[in-house]
Protein chains: 2
Amino acid sequence: MRGTALKLAAAAGLFAGLTTGALAQQKNVTIGVSIPAATHGWTGGVVYHAQETAKQLEKTYPGLKVVVKTSPDGASQANALDDLTAQKIDALVVLPFNSDELTNPVNEVKKRGTFITVVDRGLKDPSIQDIYVAGNNPEFGRVAGKYFKDNLKQGNVVVFRGIPTVIDEERVTNFEKALEGSGVKVIDKQYANWNRDDAFRVMQDFLAKHPKIDAVWASDDDMALGIMEAIRQGKREDIKFVLGGAGMKDMVKRVMDGDKMIPADVSYPPAMISTAMFVTAGQFFANAPMRGTYVINAELITKDNAKNFYYPDSPF
Amino acid sequence: MRGTALKLAAAAGLFAGLTTGALAQQKNVTIGVSIPAATHGWTGGVVYHAQETAKQLEKTYPGLKVVVKTSPDGASQANALDDLTAQKIDALVVLPFNSDELTNPVNEVKKRGTFITVVDRGLKDPSIQDIYVAGNNPEFGRVAGKYFKDNLKQGNVVVFRGIPTVIDEERVTNFEKALEGSGVKVIDKQYANWNRDDAFRVMQDFLAKHPKIDAVWASDDDMALGIMEAIRQGKREDIKFVLGGAGMKDMVKRVMDGDKMIPADVSYPPAMISTAMFVTAGQFFANAPMRGTYVINAELITKDNAKNFYYPDSPF
């Protein structure tokens, strides 16, 4: 049976030119992918894109098996790494819940000779990773700040921060730097943990404190949804727009549809997990140096290019 | 005939699972690759790897056509871009001869809506590129410096620089920073243009000037060859080793064979052109965000890992 299939495939290859190369260099490789479960919007997108890319890469590279495991917290993720290791993976693509709980477990996987790709949140010891794929957080802040400078030109802005982290610091510092020399003034900023409900409450406070707000840098699409709800309930007409960040499909749809309150967004794509899986496959199938750091651009999403960022089938 | 081929391919796919996906999503894409001709060792490696990867990517992605064009100088490369544009390329992968002559021509290609990947040497306006793939020059210097600190521990070292450029500056600054706190002393440094003959002459000067040299940072494999010849002709026995850089196959072979004068090398792989071509193909076939900056690690090549860096069929 196997012989027949191979002969048929070879015959087809002679005519169609599709399969001969693949058969000639077939190589068995297993890539394990360990990611947070869909506990909130962005990680929901990560799960969706990881699963889609697993299917796609297995089609592209005969001999490649991709095993995706999701975990609800850091401790479970450490256990999931043991399970993946038991399946004799050649490479691990990991988006760690956090650096503290995952650094040692990932290092244990590394010590078995496994190729390691880390995504988004770094480990405490960067020498563990062979590849690092991340968003561009300084640029994320810069692109957003430039949007306010170019489009609001002057006025009062309130700023939402996420969780106190290096990422958050890089974003906010570069946002403020990009505003320099403009008439845009940051009149207040607060942490709201990249969380919709927290952002709702913080926005209610801002509305009570500040009689005149011209625009909001939500800096995150989940937070933007909470902020929009607070503005709606507060019946405030002074706010011209809210700029989020990430590229949630509902927000991208609003941009695409010309919604005045959501005129733009800044990308920080959960599909960077797909980029990481693709370059990790490259380590085995591309015959090219792949060890290094791949920083994915933060891009301004506007009506003109929104369709490139819209994934209607993704949960995020 | 075409009908028969497709039916056979589909039948084979049912058994072997190889072709159905590829047929379902076939997409016609042309990638143009513009690189310097094999005017010296490293660019010879670039040409070899570009051609190998073109074949490989065309096998992996049915519907993909890759056109590789080599040019002997900057002006010819600008013309080559016109030729590629006439072939209606969807993406351009370009390793520019220099920034001055190529920035405007590449920008013209960009204006037609072509996706642009720049490799190694940056353009004067980085906003032209969608992807930038480069070696890690600060790390190249750091890895080399650490090798002297760990292995020579103390002694007199002479340093070869390339051509006065940002790349060269980053390498040398980080080399010297890595030596801090060690007994390794840089007693002389000179430019030798990443050129074998120039390095031969500079090394003759160094030998005449300095009665005691413990080791040489050639910083480049081509220069290392000139330096070795000067040492041989000068019959000097004081020099313990020469550390080059790039990963030229003759040097990697010496490392692999345990040559005492060439105990290690630092990678700066011409195969980064292959990485660039691979991620550019990803823009069309991987459904993942690829726009960004990919910095390839500079790695220490030793007897233990040299086989991973050895390409016997490459001219470099």
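Numbers restart at 1 for each chain; the letters A, B, ... are given by sequence-line order, proteins then strands. Because only heavy atoms are used, hydrogens play no part in the values below, and waters and symmetry mates are left out as well, while side chains stay in.
Within the 4.5 angstrom heavy-atom criterion, only side-chain atoms of A:Tyr61, from C-beta onward, approach chain B. Of the two parts of A:Tyr132, neither the backbone nor the side chain holds a non-hydrogen atom closer than 4.5 Å to a non-hydrogen atom of chain B. Interface remark: B:Phe309 contributes no atoms to any contact with chain A (heavy atom separation under 4.5 Å). Contacts between A:Ile131 and chain B at a heavy-atom distance below 4.5 Å involve the side chain alone, from C-beta outward.
When side chains are defined from C-beta on, B:Tyr294 counts as touching A:Val279, because their heavy atoms get closer than 4.5 Å. Two residues are said to be in side-chain contact when any heavy atoms from C-beta on lie closer than 4.5 Å; B:Asn287 and A:Gln56 meet this criterion.
The most heavy-atom pairs under 4.5 Å with chain A, out of B:Glu139, B:Glu299, B:Met290, come from B:Met290. Across A:Ala286, A:Ala271, A:Ala298, the residue that shares the most heavy-atom pairs under 4.5 angstrom with chain B is A:Ala286.
Across every non-hydrogen atom of A:Gly282 and B:Phe278, the tightest pair is CA-CZ, 3.4 Å.
Counting heavy-atom neighbours within 6.0 Å of B:Lys65 NZ, excluding the residue itself, gives a total of 12 or less. Surrounding NZ of A:Lys146 are at most 12 heavy atoms belonging to other residues, nucleotides or ligands under 6.0 Å away.
Of the candidates A:Asn297, A:Asn308, A:Ile296, B:Pro289 forms a side-chain contact (heavy atoms from CB on, under 4.5 Å) with just one, namely A:Ile296.
Here the straight-line distance linking atom OG1 of A:Thr275 with atom CZ of B:Arg291 works out to 12.0 Å at 0.5 Å rounding.
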